[in-house]
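Throughout, a chain's letter reflects where its sequence line sits, starting with A, and its residues are numbered from 1.
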Number of protein chains: 2
Amino acid sequence: MSDHADTAPVESNDALGVRRRDRAATEARILDAARRILARDGFLGFGVNALAAEAGCDKKLIGRYFTDLDGVLEALGGALGFWLGDVPEVPPKGDYGERMAALFQAYATALRADPVLQQILAWELIQPSAVLQRLETVRSRAVALWMARVRGDTAPPPGVDAPAVNAVLLAALHYLTLRQRTLQGFAGLDLASTEGQARIDDAMLAILRLAYSQERSPT
Amino acid sequence: MSDHADTAPVESNDALGVRRRDRAATEARILDAARRILARDGFLGFGVNALAAEAGCDKKLIGRYFTDLDGVLEALGGALGFWLGDVPEVPPKGDYGERMAALFQAYATALRADPVLQQILAWELIQPSAVLQRLETVRSRAVALWMARVRGDTAPPPGVDAPAVNAVLLAALHYLTLRQRTLQGFAGLDLASTEGQARIDDAMLAILRLAYSQERSPT
DNA sequence: TAAGAATGTCCCCAGACGGAGACAACGACG
DNA sequence: CGTCGTTGTCTCCGTCTGGGGACATTCTTA
């Protein structure tokens with residue numbers, strides 16, 4: 001009808017808000033599909049064809065908008081506070097040991113609730129592509145900042161290599177979480193049962209308490 | 001010459017010991033090639049075609065002799081004392097804590113020296129096929145027996161969930177070893193450097209000592 | 001020696017993969 | 001209204017995968 005649509009020039013379209021051709025919406029659907037595939041099938045099911053099918057679009061568009069599967073991953077990682085950005089903030093109370101214990105609990109909860117992150121952590125051990133290494137850097141920086149924030153001005157007892165102890169416990173958490181996803185047993189413990197889970201958690205907390213209790217005699 | 005070759009009926013062949021058609025030798029070459037591929041490229045490069053090329057034989061023979069790639073894996077796992085069978089025996093001396101410390105050191109050394117085992121541990125986290133689960137069972141049983149042998153009649157201090165603590169430390173060792181193979185950094189520590197390695201080892205030993213020292217007050 | 005089984009080689013098959021070219025439909029803009 | 005860039009669809013290509021059929025060669029046994 002030749003209405004000089006200056007009032008809504010860019011977004012003008014259907015009477016409803018839906019557009020049949022909308023690049024932004026398509027990109028979002030592709031990213032959603034990517035998250036879904038990674039969470040469900042992991043990187044083995046993460047291909048161009050499968051992604052296009054899951055997103056309900058042509059695979060050509062994946063190449064056009066993200067160049068690559070790596071591009072999709074990059075976009076996934078760059079999106080919003082993806083990496084523990086919205087992790088439950090830990091109240092910085094108590095001494096170093098108590099704060100680290102609280103932080104570990106929060107981290108464990110966040111990790112166990114995020115299947116995509118789990119898949120990425122597992123795949124890093126198989127094929128650390130350039131993209132995954134970049135994401136790893138971002139992630140580890142975010143975690144380091146988070147730890148520093150929680151730690152505040154408290155300090156571990158002298159004579160303890162706190163970074164090393166923390167690394168050991170984080171490593172254990174990672175491995176046991178990844179393993180529980182598929183094998184559900186390790187070293188005689190049943191990781192799937194709530195009882196086994198509790199024993200593991202208790203052991204990690206006990207180690208934290210032992211290592212960081214202030215009344216220890218250094219050396 | 002119609003020599004009634006009853007003296008060496010089965011193995012009779014060329015004047016030299018080499019046979020041009022020798023199923024056993026071919027199977028051995030295939031298994032060797034499999035180990036080589038797994039150590040070098042991991043499970044991503046582990047295919048029928050690649051295996052045949054590496055072994056220098058036709059891929060048809062793989063199917064004939066092992067049915068499957070899974071069959072190759074099964075044969076690999078069943079072969080001789082593959083799973084830590086030839087691990088350096090740990091002298092059972094000292095109390096529970098000292099013995100566990102020695103065992104951890106031996107286990108760490110064996111694991112770090114075995115790239116195939118590392119690849120299997122990593123792949124278990126990605127796709128635990130039926131074969132890998134079977135191998136896992138055998139492996140974990142072997143480790144459990146080993147631990148029991150080293151432990152002897154010693155006991156951990158009361159009030160400590162020793163299996164859980166051991167599981168945590170073993171999990172950490174697994175993860176850090178797998179990670180060092182590809183990413184060489186974790187939680188701010190440089191796993192590749194001997195210094196970082198030493199800090200990790202020291203931290204794990206310190207945790208062991210803390211958890212299992214006898215003069216602790218239980219609870 | 002003759003027959004038959006075992007071993008090894010070559011070639012083909014259907015299917016999935018990532019990628020790209022050709023083209024249709026739609027929207028913005030002059 | 002006409003043009004042009006964007007968005008989306010369809011189709012084909014080369015490659016690799018695991019698998020198997022047909023066949024030559026060698027070894028063992030009758």
For D:dC16, take OP1 and OP2 only and decide whether either is under 4.0 Å from a side-chain N or O of B:N49. no
Round to a whole Å and report the spacing from CZ of A:R23 to C1' of C:dC26. 16 Å
Run the side chain to side chain contact (heavy atoms under 4.5 Å, CB included) test on B:F66 and B:L61 for me, step by step, so that the C-alpha distance in whole Å, both residues' side-chain angles and the decisive distance to 0.1 Å come before the verdict. CA-CA 8 Å; B:F66 300 98; B:L61 300 182; over 6 Å; no
For the side chain of A:V48, counting heavy atoms from C-beta on, which of D:dC10, C:dC10, C:dG18 is nearest? C:dG18
Starting at CG of B:L44 and ending at P of C:dC17, how long is that distance when rounded to a whole Å? 15 Å
Checking all strands, does B:G47 fall into the base, sugar-phosphate, or nothing category for heavy-atom contacts under 4.0 angstrom? sugar-phosphate
Looking only at the side chain of B:L69 (C-beta and beyond, no hydrogens), which of the listed nucleotides D:dT9, D:dG18, C:dT9 gets closest? D:dG18
For atom CD of B:E27 and atom C1' of C:dA6, their distance in whole Å: 12 Å
Take the protein atom CG of B:D68 and the nucleotide atom P of D:dG18, then report the distance between them rounded to whole Å. 10 Å
Where the side chain of A:D58 is defined as all heavy atoms beyond and including C-beta, which of D:dG18, D:dT9, C:dG8 is the nearest nucleotide? D:dT9
Keeping the roles fixed (side chain from B:R179, backbone from B:G185), state whether a donor-acceptor pair exists under 3.5 Å. yes
For the pair A:L121 and A:R139, evaluate side chain to side chain contact (heavy atoms under 4.5 Å, CB included) and give the outcome as yes or no after the intermediate values. CA-CA 11 Å; A:L121 286 178; A:R139 221 177 49 225; 3.3 Å; yes
Which nucleotide, D:dT9, D:dG19, C:dT9, lies nearest any side-chain atom of B:L61? C:dT9
Report the relative orientation of the aromatic rings in A:H174 and B:F186; use parallel for angles under 30°, tilted for 30 to 60°, perpendicular for over 60°. perpendicular
B:K59 side chain, from C-beta outward: closest of C:dG8, D:dG18, C:dG19: D:dG18
Presence of donor-acceptor pair under 3.5 Å, side chain of B:K60 and base of D:dG19: no
Residue-phosphate contact under 4.0 Å: A:Y65 side-chain N/O, D:dG8 OP1/OP2: yes
Which whole-number value in Å describes the distance from A:L51 CG to C:dG19 C1'? 15 Å
